[in-house]
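Some notes on the structure that comes next.
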Amino acid sequence: MLIRRERGVDTAAVAAVHRSAFAAQYATSGGGGAQDPPEVALMEQLRSDPGWIPTLSMVAVAGDTVVGHTCVTRATVGPFPVLALGPIGVLADRQHRGIGSALMHAVVGAADALDEPLIGLLGSLDYYPRFGFQPAERLGITPDQPEWASHFQVRPLTAYDSQILGEFRYADPFYAL
């Protein structure tokens, strides 16, 4: 498996990854089967948003097949520029094989190498702490949607500054979900 930057030719494959990765979640929550999971449209919207960072959109490739994807986009904590992770997805038939972990390590490492201060995300309290994520409130950061507080986490990077405090805001497309 290879982790590399997403290329323009990967757009359809990335959509297929998120369609596969999230289909079961929405089918069991009453979303029906015919409609795409919202992560597919989110990716389309993020690519045209000013918060899009092409260098931090990564795919996992096995052979010639894109089997996983993640990206980080520009976000803010008060006046400070930070990053937001998501979506992250792996083809349903390739999950639980370390692909998501490899993508996480790659994107966190790349963001750190670019001197970004921190990454925020809304996600599993069982999965993301293994990559250094912690409840955001510990660092004085709160999501701008109070209902997200219980699962909102941040990962400080090497360039982190403890003066980064306040309300976290994602790129606009996240609010259209």
Side-chain angles (χ1 to χ4, degrees), residues 3-8 10-19 21-22 25-26 35-60 66 68-90 100 103-124 127-128 131-137 139-161 163-177:
I3 305 289
R4 65 164 169 79
R5 284 177 53 181
E6 176 188 349
R7 300 175 185 152
D10 296 326
T11 303
V14 167
V17 163
H18 292 297
R19 194 172 288 117
F22 293 101
Q25 176 182 336
Y26 293 102
Q35 214 172 2
D36 272 345
E39 289 80 2
V40 175
L42 174 62
M43 282 306 307
E44 288 178 29
Q45 294 168 11
L46 285 172
R47 285 189 186 96
S48 61
D49 189 81
W52 180 247
I53 305 171
T55 56
L56 294 175
S57 180
M58 300 187 164
V59 293
V66 173
H69 171 264
T70 194
C71 66
V72 294
T73 51
R74 182 62 58 207
T76 57
V77 172
F80 301 99
V82 299
L83 298 175
L85 188 137
I88 180 169
V90 174
L103 283 164
M104 286 295 297
H105 287 297
V107 79
V108 168
D112 196 40
L114 292 171
D115 289 326
E116 294 290 345
L118 70 84
I119 303 171
L121 64 78
L122 184 62
S124 169
Y127 183 73
Y128 293 104
F131 305 105
F133 285 85
Q134 59 185 284
E137 65 186 17
L139 297 179
I141 298 170
T142 58
D144 63 351
Q145 303 293 311
E147 64 272 17
W148 295 348
S150 65
H151 286 76
F152 187 71
Q153 303 166 63
V154 296
R155 166 63 153 85
L157 302 173
T158 304
Y160 172 72
D161 183 331
Q163 293 181 37
I164 300 174
L165 302 167
E167 191 173 80
F168 184 98
R169 175 139 179 97
Y170 282 95
D172 288 342
F174 282 93
Y175 300 96
L177 289 179

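Values in this document were obtained by computation on a predicted structure and should not be read as measured data. Quick note: numbers below take in every heavy atom, side chains included, and nothing from hydrogens, waters or symmetry partners.
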(message) Determine whether Ile119 and Phe133 satisfy the following criterion, side chain to side chain contact (heavy atoms under 4.5 Å, CB included), listing intermediate values before the conclusion.
(response) CA-CA 8 Å; Ile119 303 171; Phe133 285 85; 4.0 Å; yes

(message) I want to check something: taking the side chain as every heavy atom from C-beta on, are Ile141 and Leu118 in contact at a cut-off of under 4.5 Å?
(response) yes

(request) Looking only at non-hydrogen atoms, find the nearest pair between Leu103 and His69 and report the distance. (result) CD1-N, 3.4 Å

(message) Once rounded to the nearest 0.5 Å, what's the spacing between atom CD of Glu39 and atom CG of Leu46?
(response) 11.0 Å

(request) Would you give the length of the straight line joining atom CZ of Arg7 to atom OG of Ser57, rounded to the nearest 0.5 angstrom? (result) 12.5 Å

(request) Give, for atom CD of Glu116 and atom OG1 of Thr158, the distance between the pair rounded to the nearest 0.5 Å. (result) 12.0 Å

(request) Please tell me if the side chains of Leu85 and Val107 come closer than 4.5 Å, counting only heavy atoms from C-beta onward. (result) yes

(message) Is any side-chain heavy atom of Arg155 closer than 4.5 Å to one of Tyr128?
(response) no

(request) State, to 0.1 Å, how close Pro81 and Pro117 come at their nearest heavy-atom pair, and which atoms those are. (result) O-CG, 3.5 Å

(request) Using the side chain to side chain contact (heavy atoms under 4.5 Å, CB included) rule, take Arg74 and Leu83 through it: C-alpha gap first, then chi angles, then the decisive distance, then the call. (result) CA-CA 5 Å; Arg74 182 62 58 207; Leu83 298 175; 3.6 Å; yes

(request) Would you give the length of the straight line joining atom CD of Glu167 to atom OG1 of Thr76, rounded to the nearest 0.5 angstrom? (result) 8.5 Å

(request) Count the heavy atoms of every other residue, nucleotide or ligand shown that sit under 6.0 Å from CD of Gln134, and state whether that count exceeds 12. (result) yes

(request) Could you tell me whether the side chain of Met43 reaches within less than 4.5 Å of the side chain of Cys71, counting heavy atoms only? (result) yes

(message) Please determine whether side chain to side chain contact (heavy atoms under 4.5 Å, CB included) holds for the pair Leu121 and Ile88, giving the CA-CA distance in whole Å, both sets of side-chain angles, and the decisive distance to 0.1 Å.
(response) CA-CA 11 Å; Leu121 64 78; Ile88 180 169; over 6 Å; no

(message) A side-chain contact here means heavy atoms from C-beta on lying under 4.5 Å apart; do Arg47 and Thr11 qualify?
(response) yes

Under 3.5 Å, which donor-acceptor pairs do the side chains of residues 170-177 form with other protein atoms, sequence neighbours left out?
residue	atom	partner	partner atom	Å
Tyr170	OH	Leu122	N	3.1
Asp172	OD1	Arg169	NH2	3.1
Tyr175	OH	Asp144	OD1	3.0
Tyr175	OH	Asp144	OD2	2.7
Tyr175	OH	Tyr170	N	2.9

(request) Identify the heavy atoms of Val77 and Phe168 that sit nearest to each other, and give their distance. (result) CG2-CD1, 3.7 Å

(request) Of all the heavy-atom pairs spanning Ala106 and Ile3, show the shortest one and how long it is. (result) CB-CG2, 3.5 Å

(message) Taking the side chain as everything from C-beta on, heavy atoms only, tell me whether Ser124 gets closer than 4.5 Å to His151.
(response) no

(request) Can you see which heavy atom on Val154 is nearest to which on Pro156, and at what distance? (result) O-CD, 3.8 Å

(request) For residues Ile53 and Leu114, determine if any side-chain heavy atom of one lies less than 4.5 Å from a side-chain heavy atom of the other. (result) no

(message) What I'd like to find out is whether the side chain of Val40 reaches to under 4.5 Å of the side chain of Phe22, using heavy atoms alone.
(response) no

(request) Over all heavy atoms of both residues, which pair between Val90 and Ala21 is shortest? Give the atoms and the distance, please. (result) O-CB, 3.2 Å

(request) Evaluate the criterion side chain to side chain contact (heavy atoms under 4.5 Å, CB included) for residue pair Val17 and Val59; output intermediate values, then yes/no. (result) CA-CA 10 Å; Val17 163; Val59 293; over 6 Å; no

(request) To the nearest 0.5 Å, tell me how far Met58 CE sits from Arg4 CZ. (result) 11.5 Å

